[in-house]
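Here is how names work: the chains are called A, B, and so on, in the same order as the sequence lines, proteins then strands, and each is numbered from 1.
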Amino acid sequence: MSKEENTANRPDNTAFTQQRLPAWQPMLSAGIVIPGFVIIGVAFIGIGVALFVTSQNIQVLEKDYTGIETNSSCFKCINPRVKNCNCTINFSLDKLFEGPVFVYYGLSNYFQNYRKYGASKDAAQLTGDLAYFTEPSTSCAPYRKDAKGKPIVPCGSIANSIFNDTFKLFQIVNSRNVAVPLDGKGIAWWTDYNIKYRNPTTNPLKNAFNDTVKPIFWPRPAYELDPTNPSNNGFINQDFLVWMRRSALPNFRKLYRRITEGEYAKGLPAGDYALVIGYNYPVKAFDGRKKVVFSNVSWMGGKNQFLGIAYLVIGSLCVVMSIVMLIVYAKFKFPDEE
Amino acid sequence: MERLHWLGQRCQQMVDQGGARGWYSAPDGPLGAGGCPATCRLSGKRRTVIARRGPYQAEYRAISREYQGNAIRTTKYSLLTFIPINLFQQFRRVANLYFLFLVLLNWVPAVEAFQKEITMVPLLVVLIAIAFKDALEDYRRYLFDKTVNHSLVRVYCSKQKAYIDQHWQDVRVGDFIRLSCNEIIPADVLLLYSSDPRGICYIETANLDGETNLKQRRVVSDLPLQGSELTPESFYCRIECENPNNDLGRFRGYMEHSSKVRVGLHNDNLLLRSCTVRNTQTVVGLVVYAGHETKAMKNNSGPRYKQSRLEKRLNRDVLWCVILLFSMCLTAAIGHGLWLQRWTDPIYSIAEQVSPTLAGFYVFWTMIIVLQVLIPISLYVSIEIVKLGQIYFIQNDLALYSEQLDSGIQCRALNITEDLGQIQYLFSDKTGTLTENKMVFQCCTIHGVQYPHTQNARRLALYEEDVLGVPGRSLTLRSGCSVRSLSCRSMSCGHSSTSLHSLTREEEEEPQGGAPCSRMAKEVIPDPELLKKMSCLQATSLCGAEASCLQATSLCGAEASCLQATSLCGAEASCLQATSLCGAEASCLQATSLCGAEASLELNSILDFFLALAVCNSVVVSSSGRPCHTHADLPHNLTSRLLAQGEAGSRGVSGALGAAGVQGEVGSSTTATLSQAGASWESTQLGPGTDLVRSNVALENPRDPTADVLTDMGNREEGVGAVGAPNVGTEPLRVSSLEDPAFCHSGPTAANEQLIYEAESPDELALVHAARAYNCTLRGRSGDGLAVELPGAASRLHVSLLHVLPFDCTRRRMSVVVRHPLTGRLVLYTKGADSVIMELSEHPDVPAGEGYVKIREQTQNHLDVYARDGLRTLCIAQRVLEEDDYRAWQKGQLLAETSIENREELLLESAQRLETNLTLLGATGIVDRLQEEVPETIEALQRAGIKVWVLTGDKQETAVNIACACKLLGPDDQILNANCGSKDACDALLQDLLSEVRGTGEGPGRPTLGEDKALPAAAVGGFVLVIDGRTLEWALQDELKGGFLELSQQCKAVLCCRSTPLQKSQVVQLVRSQLSVMTLAIGDGANDVSMIQVADVGIGISGQEGMQAVMSSDFAISRFKHLRKLLLVHGHWCYSRLANMILYFFYKNVMYVNLLFWYQFISGFSGSVMTNSWILILFNLLFTSVPPLVYGVLDRHTPADTLMERPELYSSRPSSKVYGSSTFWLTIMDAFYQSLVCFFIPYMAYAGSDVGVLAFGSPVNASALLIILLHQIIESHTLMWMHIAVLVGSGVLYFVFTLLFSVWCVTCSPPTNPLGVETLTISQPLFYLVCALTTVTALLPRVLIRALLRSRSSSLVGRNPTGPRKLRVSAENPGLEPDDHLVGS
């Protein structure tokens, strides 16, 4: 009788079936954890310091121009009935605002992340598909068609609510306003500008918009968004693209322009400045605030004290914990090892 | 996969049962003799079968229309019905309905959260995966069905008037089929003809229930047994039987001949589908049930489904999750309503606003879709997968594999693996569970005289020592055998010339493990005292004075040697004859003094006793190597090699005399003489220089004068060799080299004759072998009787067996009615439990007087002694019946047998009528040794905090003895006996015991309660409660059970003796429900089935007593010792794995879902998400689903050898279970913390910036993934390459997927189009800074706590497990401990 027959039901004797595979036991004993904590703590403290210093070096200048306060120069514009209202905000810099300087507009209490708002657009239409010009997606409702039944292009709530305040910056040199050139090129994402949003191939662009109406809120149709630069019109208008990328948080800023040209490429020199605002955008209905932000950026983005401090705190916490562990370890562990 | 298959079958079975269960009408029913088939069909309670090819063709067609054909179809689907039926089946699960609900909800425009197709993904994935599995399973079933349906069988064809081959599927009810040996039976067939002259056929039911012993089936009585084969053409009988049912052990009905005579049909007449015909050349039968109506198919039950305790907890916590989900959604709904109210028509609002209340309502449902993963539906699927993996490992464990039996563990219930890790109470059967259930006859008492069989007992002890000393089993067997063969030499001298070969053949057979009884059971060393008496008996009963002369001769030393010498000198035949016939007259006197003085009553009792042992049983006698059972002379295989030497002489004699030379009286007297001679030498166990013998049995009694004779005989061997036939000359050689089986095998005579006893109960085997040791040999069975050899009787005697009243649990006895072969009277022999027989034999109708009373008393005393020694006792009694009485009883019995309704009750009554006024003959003591490693296992289990209860039907003394042997009862333990006769007494007793326990138990010695688990239980003496069945009966009643439980809780162990199967289950039920503890019941026999079914975990031991326990169990193991690793290691692992996995799932879902929830606070509770919806859905389905599965299968909480060595770890922390309320809520809190960190650190880091929705979600998601994966590592106990691969794989998969998705997806998933997001964010350093800070901060508390806890717990466990010690890797048996101490009973 052969051996195999005797043991037909015998399980295989392999390391796997017998659960004998070599295994590392990640026992989180103090012996591993304490050095680990120390290393992490030290590293975090290092990063924290770097972040903090970097953040400190970033200059930020914020100017609220909502005009809620009566002494504000924009107070006159807060009434929605006032059309084409301009107001000027003066400020002075006592030292060089290092360049490149980014100009943002900031909105608060503005819920671009509201679900229905976010869904209210037609991605296919925005790729320049003419079929969706005449029949926009139902997701655009209620900004899909106007009262007469004409399709709105670009449809949807996001496009409709585009931020339309304008800013002009002047340096006051010898009480003469010198315009600071604001560069609006390349402020949108590369993928948005080149892939995601396309204008119809129709030439001229205006013809593609036949039988459509502009969004209700818009003063001009999409193909006339930028009268100065014909290639910056339609769906690939930089301001439009920036607006269409919805902000995650209710208090946000969006890039408006960059100051990269001429003598201001190095930054805004110390001196007096006047910001002339074309005040169009209504925020009073939702207790919103509007502001203009001048900022330069670092490798880690805009100014943010939080990260640096958090890294420092957590790093120190790790170090403290490793000390605590050491005490505990000494208390419970060492006697056992004998 | 398997599981689904089983599930399907189970469903089908339930459907079948629902449809086909029917009840029986009154015995005569509406159907008169030969009544119309229409009525019987209408009644629907029974079926009529007539031959299909027979004379009543029209009627056949009418009645058989509703009977199923033999084709089977176990598939659930066909090609057409697959999709609808499968979908229907799947949507019966709650989880799938939940998904479906979400899908539908997402189609409501007002609440739509994602793209419509996205919410379908989880549902589709689950549906398709399961449908695929189902289809594959079904296809496999289809292939199997096809093979089965196309097997061939010979069916009678009326056209060709012959049996022709047909497919199984074409067989119909009413067909005649002919089967040959070793063919599988295609349908349930009524046996009408067997080639066996007695009308018997043997079947092996291994396919049905795993039992390999042969079962006897007989041709329907009244049919001609022999002669020509049944002619189907002329079969006019009509068969009425019950409708198809699943009771394998029952078949009732009758066959009505054309002459309106009815014959009862029994289970004995039915050949069951899928059994195998054995030992019978040809059988012919009529199909009565076919296809799905066969009993085999009706019994095709799948695995069992129990809900584990963990799953119950889990369901409760899932409910908590539902509550959590609702509260979160409600928060969002209210928040959204308030948010909307705050402003009037902001520019970002959607103009067609509804009222804030309605918007809130919509948001509620939107949130349900968004937060759907909070309900861990995937958990259920994952648990199933993990359990399959766990079972794979349990089944593949070598430590749970028994080499001897070639069987490992069977997991029959698939979903309670983790319950093995939480057992608090263990209820064990004794026989077959703790013990081997290999019954060996040890001693007996007859007629009030005890025969202690000291040598027999010594032999058993010796055997055990051998086992300890010798590594291999076969060697042990051989040595055991050698002892036996020496000792048995006295019996069988005259019988056989081939006995040696059969002996050696057995040697060969044994290691195969196929023989149902062990060699141990076969060998019995007779008691010298008893042998003497037996010999007297045979001398007196056989040939009167002449024989006793012979005997005297043999006893008288010198003369005996003369005889021996004569018999050895084969040539002088006449010398032998002369000597044996005449002998020395003088010694007649001695014989008389020895035998004659004894009361003939006692001798008769002894004879009856052994006759009863030989006939009162259901043992099947068969001979190997023969397909058919015959009456051919079977040589006695019980012989000794010593005798073989002497035998050589007698053989030489017979050779010289010729075949006819020794016969008749002469022959028989020779037989008697020789055996007698042997008997007188019996006490001189010293062999004639055979070292083997000496080495094994170094026994006393050298002073016996016959020793000289033996030596003398040994010296003469050479002479024998010279004088005798050539083959005789080899005999001595063979004897001395018996250890070499190969050599033995080369014996000249064909070794094709061997008696094999097969019995359902091992006790019976032991008794038959014991009888055989005293020369009362059961030779074979015929239809109407038994062939028995009796001491002194010349040849085989035919004992006509008139009736068998089989054993049952109610009567606890078995009886046969036979015609006594010598006296010719009708005798009822009864064998049964001592209490029953003692009661029934109180007042025998035979006037025996005072002597009898005394005998009874003495027997009772002996029984008590036996029980104290841990022996199983059986009493033997007889009753001499008057012919008239018997005939009267027979009528009643016949009535009972043929009645269809209430048959069981009637039979019981009838049996009780006969089994009264018994005369006690004696009692036997059977030893049942402990299984190996039982004490160690029990000790380990007790150290693990498991309370072990032993529930046995045995006597109290036996139970206590066994409990001592298996260390359940330590030397310091105090036994609390609870025996009382009434309820009040029981109440008082319980109170007394309780106060006693409390009084002494307040001190340090209370090792049983949970808080003292760390105390080694053995160190301090505890209390052991011993309660008997009657007291238990009271204690289980409502009023007393509280006290009983309280008492039992104070005790270290509880022994319940004399308990019925029902009581066993009641006890388990009581403990389980009242103490709400996890119970485990383990047993091996049918009497444990109810207990096994009641307990949380039922374990069956696949052993000697059939498969009933196994069939009803959740796990089936082969040895008790396997329980240790099963519970301590696998149970522990499975529990911790599953508990950890479940907690992890909850954690994972809560953690991830909360991220979305927090976002609602800054998005106006509008239900918007910051992640692409595909990633959101796939996060749980794809990116984080595999690691917990791998951990659930492979994680090892503590190394196996540590768990084995330190059983305390099993339940070291009862308060802090891995998965309990506290851990659940802690995990949820941790998940909340982590999600807060994971959300608000990025929130703060990006606050006020120009970050877009998805760009914000990207670091949140990525750090959530990191946290979840790293959390897994913190929570795991082992890390293998597989874990690392899976973890890294999950992470890589996520990033690859999101990156590719953000490159490729231009307009897909509209509200959250990920184009360019990921590529941009991961190019920014801020992303990594945020992720690092988030991950570290989120995991910090858990790492800290774990580090602190584990450094403490590992110091508790000791350095052993945590130290650098390597896992033991042994090539052969890695899990097994090297020490194999066997402690005998």
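Proximity to chain B involves both the backbone and the side chain of Trp299(A), based on heavy atoms less than 4.5 angstrom apart. Interface residue Phe111(A): backbone and side-chain heavy atoms are both found under 4.5 Å from chain B. For chain B, no part of Asn160(A) is nearby; none of its heavy atoms comes within less than 4.5 Å. Both the backbone and the side chain of Ile1241(B) come within contact range of chain A, with heavy atoms under 4.5 Å apart. Residue contact with chain B, scored on non-hydrogen atoms closer than 4.5 Å, involves the backbone and the side chain of Tyr117(A) alike. Residue contact with chain B, scored on non-hydrogen atoms closer than 4.5 Å, involves the backbone and the side chain of Asp287(A) alike. Of the atoms belonging to Asn304(A), it is side-chain heavy atoms, and not backbone ones, that fall under 4.5 Å from chain B. Heavy-atom distances place the side chain of Tyr1159(B), and not its backbone, under 4.5 Å from chain A. Heavy-atom distances place the side chain of Thr127(A), and not its backbone, under 4.5 Å from chain B. Heavy atoms of Ser120(A) lying under 4.5 Å from chain B belong exclusively to its side chain. At a 4.5 Å heavy-atom cutoff, Lys303(A) makes no contact with chain B through either its backbone or its side chain. Interface residue Val1317(B): backbone and side-chain heavy atoms are both found under 4.5 Å from chain A. Proximity to chain B is absent for every atom of Leu126(A), based on heavy atoms less than 4.5 angstrom apart. Thr366(B) touches chain A through its side chain: at least one heavy atom from C-beta onward sits under 4.5 Å away, while N, CA, C and O do not. For Gln1160(B), no part sits under 4.5 Å from any heavy atom of chain A, backbone or side chain. Proximity to chain A (any heavy atom under 4.5 Å) is shown, for His1283(B), by neither the backbone nor the side chain. The contact between Phe16(A) and chain B is made by backbone and side chain atoms together, counting heavy-atom distances below 4.5 Å. Arg253(A) touches chain B through backbone and side chain together, each having a heavy atom under 4.5 Å away. Heavy atoms closer than 4.5 Å to chain B are found in the side chain of Leu317(A), but not in its backbone. Residue Tyr104(A) touches chain B through its side chain alone, counting heavy-atom pairs closer than 4.5 Å. With a 4.5 angstrom heavy-atom cutoff, Met1244(B) touches chain A via backbone and side-chain atoms both.
Other residues, nucleotides and ligands contribute only 12 or fewer heavy atoms inside 6.0 Å of the OH atom of Tyr132(A). Applying the 6.0 Å contact sphere to NZ of Lys284(A) captures no more than 12 heavy atoms from other residues, nucleotides or ligands.
Between chain A and the options Gly408(B), Gly1164(B), Gly1167(B), the largest number of non-hydrogen pairs under 4.5 Å is found for Gly1167(B). Put simply, of Asp1250(B), Leu1329(B), Leu1315(B), the one with the most heavy-atom pairs under 4.5 Å next to chain A is Leu1329(B). Of the residues considered (Ala119(A), Ser247(A), Ala123(A), Ser161(A)), Ser247(A) shows the highest number of contacts with chain B, using heavy-atom pairs under 4.5 Å. For chain A, the option among Ala1245(B), Pro1325(B), Gly1316(B) with the highest count of heavy-atom pairs below 4.5 Å is Ala1245(B). Chain B forms the most heavy-atom pairs under 4.5 Å with one residue out of Val324(A), Thr14(A), Ile314(A), and that residue is Ile314(A).
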Applying side chain to side chain contact (heavy atoms under 4.5 Å, CB included) to Trp1133(B) and Gln19(A), what does each step give before you reach the verdict? CA-CA 11 Å; Trp1133(B) 278 352; Gln19(A) 307 196 59; 3.7 Å; yes

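In terms of heavy-atom proximity, Leu1326(B) sits nearest to Met300(A) at CD1-O, 3.8 Å. Contact between Asp397(B) and Gln18(A) at its shortest, heavy atoms only, is OD1-OE1, 3.3 Å. Here the closest heavy-atom approach between residue Ala248(A) and residue Ile1162(B) is recorded as O-CD1, 4.1 Å. Considering all non-hydrogen atoms of both residues, Phe44(A) and Ala1332(B) come closest at CZ-O, 3.8 Å. Nearest heavy-atom pair, Leu249(A) versus Tyr1246(B), reported as atom, atom and distance to 0.1 Å: CD1-O, 3.4 Å. Across all their heavy atoms, Arg1196(B) and Arg20(A) have their closest contact at NH1-N, 3.8 Å.
Put simply, the side chain of Ser1168(B) gets close to the backbone of Asn113(A): a donor and an acceptor are under 3.5 Å apart. With hydrogens and angles ignored, the 3.5 Å screen pairs a side-chain donor or acceptor of Arg115(A) with a backbone N or O of Ser1166(B).
Using a 4.5 Å heavy-atom cutoff, the side chains of Met325(A) and Leu1344(B) are in contact. The shortest side-chain heavy-atom distance between Leu21(A) and Trp1281(B) falls under the 4.5 Å cut-off. Between Cys318(A) and Leu1340(B), the closest side-chain pair of non-hydrogen atoms falls below 4.5 Å.
Of the options Tyr401(B), Tyr392(B), Phe393(B), a side chain to side chain contact (heavy atoms under 4.5 Å, CB included) to Pro11(A) is made by Tyr401(B) and by none of the others.
A distance of 4.0 Å separates CG in Asn1313(B) from NZ in Lys196(A), rounded to the nearest 0.5 Å.
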